[in-house]
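Scroll down for the structure; my scribbles are underneath it.
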Amino acid sequence: MQCTNNLKQWGLALHNYHDTYGKFPARKGGTGVGSAPFAGNSRVESNGSRLSAFVALLAFVEQGPLAQAIAAGDPTGVTGYAGVGGPRLPPNGPCAWCSWSVWNRGPGTLQCPSDGQVFNSPNNIRQNNYAVSAGDTITNVRDLTTSRGVFSSQLCTKIGEITDGTSNTIVMSEHLKADLGLSTVVANQIKNGHGLATSVAAIVTTPGICLTQSAGQFFRAGVVVKARFGALWTDGQPERVGFTTVLGPNAPGCANDNNGNADSVSSLLPPSSNHTGGVNGAFADGSVRFISNSVDTGNLTAPNPTSGQSPYGVWGALGSKSGGEVASLGE
């Protein structure tokens with residue numbers, strides 16, 4: 001119930017943000033070009049164009065003081081910054097992936113009570129369990145400005161652009177927290193919902209191949225896995241704050257390369273949770289519904305589409321905002 005309430009709050013925040021600005025925030029944005037006296041140090045001069053949608057939404061979830069503190073930056077050096085180039089920071093702070101005392105502890109409503117501390121990093125405090133939807137996008141999900149889902153890199157979506165209907169389009173879900181570099185798995189070590197199998201290049205053309213990377217609830221022995229979700233709520237990389245609607249909830253995730261950070265270009269990012277049988281999802285009409293692990297995923301041998309209807313069944317249709325599908329969870 002608490003998880004559902006949290007998602008309802010963030011869903012309401014999205015609508016209030018849209019009422020104010022006429023659009024939803026981008027999955028990642030913020031400042032990208034520095035100016036004097038901060039220019040010349042990429043970690044200090046801007047957010048690196050990676051500030052997450054959750055930062056943009058703070059003022060709409062009763063986090064006005066935190067939103068204001070981030071917007072103010074650190075012109076005097078009073079607050080802490082664990083980086084190079086000195087303590088002064090421009091408005092909206094440093095690189096979105098950097099430690100900064102102002103944002104090192106995020107809102108409690110970003111965390112689901114059914115999940116504990118970040119897997120493999122018990123002392124991390126920049127935690128989040130909630131994620132925004134990139135829809136059924138796989139190819140270049142990291143940087144694509146025209147994601148088939150509601151949330152893209154840099155580009156904002158208006159409600160009028162959700163032509164599949166707001167009640168049929170998912171905007172948020174949840175994901176288990178984990179922080180792990182490239183690691184070769186032993187049997188029954190890392191749950192599907194925690195990480196991504198790496199170097200699975202064929203996911204763009206045959207996403208179902210990712211399912212072969214697991215054995216039951218865990219990644220199979222010998223697979224090289226990384227896990228980067230939930231440890232940096234301010235960073236808008238999809239591995240930090242996003243999910244995709246291709247493989248169903250609690251399926252294994254996969255990246256097409258061997259990047260050990262949260263920077264893989266193309267990836268499958270199923271939502272995950274400790275709830276029995278599935279995950280909660282917030283929809284563009286403000287409702288929150290439960291999505292089963294067994295939701296229809298259609299043809300997982302089909303290549304990633306760039307337009308038109310999703311080949312990935314009901315789940316893909318719920319992710320695409322303008323695919324022309326009519327499927328819903330009720331069908």
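Reckoned from all heavy atoms, side chains included, excluding hydrogens, waters and symmetry mates.
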Under 3.5 Å side-chain donor-acceptor pair for [X] and [Y]:
| X | Y | result |
| --- | --- | --- |
| N104 | S99 | yes |
| N293 | N250 | yes |
| N47 | N92 | no |
| N274 | K191 | yes |
| E325 | S320 | yes |

Using modelled atom types and a 3.5 Å cut-off, is there a donor and acceptor pairing between side-chain atoms of [X] and backbone atoms of [Y]?
| X | Y | answer |
| --- | --- | --- |
| S272 | H175 | no |
| R148 | G319 | no |
| S214 | N192 | no |
| D296 | G298 | yes |
| S152 | S147 | yes |
| H275 | S114 | no |
| R240 | F229 | no |
| N280 | S173 | no |
| T169 | T166 | no |

**Fill in**
From the list F283, F54, F60, ring pair (Phe, Tyr, Trp, His ring centres under 6.0 Å) with W10 holds only for F54
Count I, L, V, M, F, W, Y as connected when their side-chain heavy atoms are under 4.5 Å apart, and connections chain through other members. Are [X] and [Y] then in the same cluster?
| X | Y | result |
| --- | --- | --- |
| V55 | L66 | yes |
| I170 | I138 | no |
| F243 | V204 | no |
| L58 | Y17 | yes |

**Item:** side chain to side chain contact (heavy atoms under 4.5 Å, CB included) partner of L300, chosen from L268, L211, I209
**Value:** L211
**Request:** For a side chain to side chain contact (heavy atoms under 4.5 Å, CB included) with E174, tell me which candidate from P271, P249, C3 qualifies.
**Result:** C3
Roughly how far, to the nearest 0.5 Å, is [atom2] of [Y] from [atom1] of [X]?
| X | Y | atom1 | atom2 | answer |
| --- | --- | --- | --- | --- |
| S46 | L89 | OG | CG | 11.0 Å |
| T157 | R27 | OG1 | CZ | 11.0 Å |
| D285 | R289 | CG | CZ | 6.0 Å |
| N6 | N128 | CG | CG | 12.0 Å |
| Q9 | L12 | CD | CG | 8.0 Å |
| L269 | Q237 | CG | CD | 11.0 Å |

Salt bridge check, [Y] against [X]: does any charged N sit closer than 4.0 Å to a carboxylate O?
| X | Y | value |
| --- | --- | --- |
| E239 | K226 | yes |
| D179 | R228 | yes |
| R50 | D235 | yes |

**Complete:** Tightest non-hydrogen contact, residues S153 and K28, listed as OG-CE, 3.1 Å
**Prompt:** Taking all atoms of both residues into account, what is the closest heavy-atom pair of Q127 and W233, and its distance?
**Reply:** O-CB, 4.1 Å
**Asked** In terms of ring plane angle, is the pair F24 and H15 parallel, tilted or perpendicular, where the classes change at 30° and 60°?
**Response** perpendicular
**Request:** Look at the aromatic rings of W103 and W100 and report parallel, tilted or perpendicular, splitting at 30° and 60°.
**Result:** perpendicular
**Message:** Measuring only between side-chain heavy atoms, which start at C-beta, is L144 closer than 4.5 Å to T139?
**Reply:**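 No, too far: nothing below the 4.5 Å cut-off.
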**Asked** Are S264 and L196 close enough that some pair of their side-chain heavy atoms sits under 4.5 Å apart?
**Response**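 No; the side chains remain at least 4.5 Å from each other.
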**Message:** Counting only heavy atoms not in E62 (residues, nucleotides, ligands), do more than 12 fall under 6.0 Å from its CD?
**Reply:** no
